[in-house]
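Below is one structure; the comments refer to it alone.
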Amino acid sequence: MFTRQRMWAQLPEQVDLLVIGGGVTGAGIARDAARRGLSVALVEMRDLAHGTSSRSSKLVHGGLRYLEQYEFSLVFEAVSERRILMDIAPHLVRPLGFLFPVYGGRGRPLWMVNAGMWLYDGLSLFRSPKLHRNLRPDQVAEEEPALTREGLQGAPLYYDGQTDDARLTLETALDAAAAGATIATWAKVTKLTSDEQGRVDGAEITDMIDGETRIVRAHAVVNATGPWTDRTRGLSTADAGAPLLRPTKGVHIVVDHDRLPVQHAIVAQHPEDERVLFFIPWGEQTYIGTTDTDYDGDPMEVQTDSEDVDYLIDAAASYFPDHPLTRDDVLSTWAGLRPLMAPIDQDREVDESSVSREHQIVVGTDGLVTIAGGKLTTYRRMASEVVDTAVNLLRLANRLPSPLAASHTDQQPLPGAVGWPEDDDVTHVASLVRDASGQRLASETAQHLAQTYGMRGIELGRLIAEDPDRAAPLLTGRVEVLAQVDWAVQQELAARLEDVMVRRLDLYYRDRDQGLTIAPLVAKRMAELLSWDERRTAEELGQYEAFVVNSRTWKKESDGSAP
């Protein structure tokens, strides 16, 4: 059982590698290092993927628009990693068609876009999920009838990937744990410790739930804290130097699919500033994003503003005039920070969208290894490079355990992909899940469990066979069931109500009232599993309600009403 309590209890006093930060890059580092044979501890001050890694556009893509910035190496790296992620996590990274409509007098001419598509396919060595094809206006109308046809000249249709970013992070961390790493969530680093030479040799860590403090010593320490990168560097007694980051905020809004019915991801350019954004199908919902604005506040307080929502609604109005959206259509939003590297030339003005998405590994004078920048798609390769750097440091300090194994993270499937059918037949997997439950699950629910957990959904089915009450839907008319709450707590490190509602069940994003109606039932079940008393249960409910209310402050800003 991978429970949060068990992980905190077994947090070691000494490890080869201490990873600070439980986003997708930190999880990837822990997985790579543990698979090589290093002793590893990862600590995260909140839940896995709490920050940037659950607030992306949920796309695994090569970055078509980076071709305009001549970042060919970044695109090549990304399309290569896209193929790898589709191989090692086919249940989480699925092909998605992208339609790039071209209109006369707006944006780039059709010939230029078509040329870019051939270059994009070429950089992927023509191994995209499908090669692109060019659609005439009448073909575009058949594929996407809601899209405006006024001035439409045509549209290339190409393929990238869509993912569940929070679950990709989670399964990466779970695979690290299976390889021997300790993954401690709700464990905040309050101080970096140093040896007599002033080199970082560990951290003081506080349990954010119970208040206990421990010290973990490490032969190498990695800072993988995303938007908190510079703050983490500041915990060292050494001079952290100039800030590494230029964070930018990205906002997405979620609406019901019938309010904005798209079948493919639509690549669009905002009519105001021509920034590229997407309209993306997401089951019963569609999400729109993203914005790109500089942010210099507390990363913990990043949120959606009314201007962000209006900006995205205006973009939708330009491309889907017969399907006008209003603020009332917005079910939920998410706002995240891109931990982008600050341009080297601070005196040269660079707009937010032009800041490079390349990553950088920095080894400080105190020995702290910092990884910053990069993209979700390339997290596995970034992680490998960080571990290479840490191994070199360990070798120089004669601290390297030998011999180390090869990690093979490009070949080893993530947990839910072990045994996944080669033909990607999710319906077959769903039938196995339903059979394992003793036919107690509806077909739609079995399909949902297969798509969410991959082959591990079969184990959930067995849980339901043991206790049929676990097959009860959490909400009438929805596919989520009680067994998922049990699984989140017992196998997926969930420790707080927010962990389950937001990053295990997605009800925060998809339910009309963001899960507030069902939160008491989920909290009650978690109380039984985690031995919460009434006070703790009430606290969890209050904190989740406050989290939801805070996410709706943009409504108060826009109309003066209570969120």
Inset, instruction - Decide whether Asp308 and Thr304 meet the rule of one side-chain donor and one side-chain acceptor closer than 3.5 Å. - result: no

Legend entry - Atom of Val262, atom of His257 and distance for their closest heavy-atom approach: O-NE2, 2.8 Å

Inset, instruction - Find out whether the Lys NZ or Arg CZ of Lys58 is both under 6.0 angstrom from the six-membered ring centre of Trp334 and within 45° of the ring's axis. - result: yes

Legend entry - Axial cation check for Tyr311 ring with Lys249, 6.0 Å and 45° limits: no

Inset, instruction - Please check if any side-chain donor atom of Trp118 sits under 3.5 Å from a side-chain acceptor atom of Asn114, or the reverse. - result: no

Inset, instruction - Dump the intermediate steps for salt bridge (Lys or Arg N to Asp or Glu O under 4.0 Å) on Glu77 and Arg83, then the final yes or no. - result: CA-CA 10 Å; Glu77 179 182 87; Arg83 179 68 267 161; over 6 Å; no

Legend entry - Under 3.5 Å side-chain donor-acceptor pair for Thr333 and Tyr509: no

Legend entry - Within 6.0 Å of CZ in Phe2, more than 12 heavy atoms from elsewhere: yes

Legend entry - Basic-acidic side-chain contact under 4.0 Å: Glu444, Arg434: no

Legend entry - Side chains of Glu459 and Tyr453, donor plus acceptor under 3.5 Å: no

Inset, instruction - Answer yes or no: is there a donor N or O on one side and an acceptor on the other, between the side chain of Arg504 and the main chain of Met501, under 3.5 Å? - result: no

Legend entry - Donor-acceptor contact present, side-chain Thr452 to main-chain Leu449, <3.5 Å: no

Legend entry - No-hydrogen, no-angle side-chain donor-acceptor test under 3.5 Å, Ser551 and Gln303: no

Inset, instruction - Identify whether the distance between the nearest side-chain nitrogen and carboxylate oxygen of Glu284 and Arg478 falls below 4.0 Å. - result: yes

Inset, instruction - Decide whether Arg510 and Gln285 meet the rule of one side-chain donor and one side-chain acceptor closer than 3.5 Å. - result: yes

Inset, instruction - Taking Arg94 for its side chain and Gln451 for its backbone only, find out whether a donor-acceptor pair lies under 3.5 Å. - result: yes

Inset, instruction - Please round to the nearest 0.5 Å and tell me the distance separating atom CD of Glu272 and atom CG of Asp314. - result: 7.5 Å

Legend entry - Non-hydrogen atoms of Leu325 and Ala316 that approach each other most closely: CD1-CB, 3.8 Å

Legend entry - Donor-acceptor under 3.5 Å (Glu171 side chain, Gly416 main chain): yes

Legend entry - Nearest heavy-atom neighbours spanning Gly97 and His264: O-CB, 3.2 Å

Inset, instruction - Establish, yes or no, whether the cationic atom of Arg46 lies under 6.0 Å from the six-membered ring centre of Trp186 and within 45° of the ring axis. - result: no

Inset, instruction - Please determine, by modelled atom types, if Arg381 and Ser80 share a side-chain donor-acceptor pair under 3.5 angstrom. - result: no

Inset, instruction - Indicate the atoms forming the closest heavy-atom contact of Pro261 with Glu144, along with that distance. - result: O-OE1, 4.0 Å

Inset, instruction - Please indicate whether Asp138 has more than 12 foreign heavy atoms, meaning atoms of other residues, nucleotides or ligands, lying under 6.0 Å from its CG. - result: yes

Legend entry - Plane angle bin for Trp282 and Tyr287 - parallel if under 30°, tilted between 30 and 60°, otherwise perpendicular: perpendicular

Inset, instruction - Classify the ring geometry between Phe279 and Tyr319 as parallel (under 30°), tilted (30 to 60°) or perpendicular (over 60°). - result: tilted

Legend entry - N/O donor-acceptor pair under 3.5 Å between Trp420 side chain and Ile88 backbone: no

Legend entry - Backbone N/O of Leu337 and side chain of Thr52: donor-acceptor pair under 3.5 Å: yes

Inset, instruction - For the pair Ser57 (side chain) and Leu59 (backbone), establish whether a donor and an acceptor sit closer than 3.5 Å, ignoring hydrogens and angles. - result: no

Inset, instruction - For the pair Arg525 (side chain) and Pro520 (backbone), establish whether a donor and an acceptor sit closer than 3.5 Å, ignoring hydrogens and angles. - result: no

Legend entry - Salt-bridge criterion met for Arg167 and Glu492 (N-O under 4.0 Å): yes

Inset, instruction - Could you tell me whether the side chains of Arg456 and Gln491 share a donor-acceptor contact shorter than 3.5 Å? - result: no

Legend entry - Exam field: side chain Glu81 to backbone Thr378, donor-acceptor pair closer than 3.5 Å: no

Legend entry - Separation of Leu92 CG from Thr163 OG1 (nearest 0.5 Å): 5.5 Å

Inset, instruction - Identify whether the distance between the nearest side-chain nitrogen and carboxylate oxygen of Asp256 and Arg512 falls below 4.0 Å. - result: yes

Inset, instruction - Mind telling me whether Tyr544 and Tyr508 have parallel, tilted or perpendicular rings, with 30° and 60° as the class edges? - result: perpendicular

Legend entry - Test: Asp273 and Arg275 ion pair at under 4.0 Å: no

Inset, instruction - State whether the side chain of Thr291 and the backbone N or O of Val251 hold a donor-acceptor pair below 3.5 Å, judged by distance alone. - result: yes

Legend entry - Ser53-Asp165 side chain donor-acceptor pair, cut-off 3.5 Å: no

Inset, instruction - Can you spot which of Asp164, Thr169, Asp47 makes a side-chain hydrogen bond (donor to acceptor under 3.5 Å, both in side chains) with Arg503? - result: Asp47

Inset, instruction - Please name all residues satisfying side chain to side chain contact (heavy atoms under 4.5 Å, CB included) with Val75, sequence neighbours left out, ordered by chain then number. - result: Tyr66, Leu67, Val79, Tyr120, Leu123

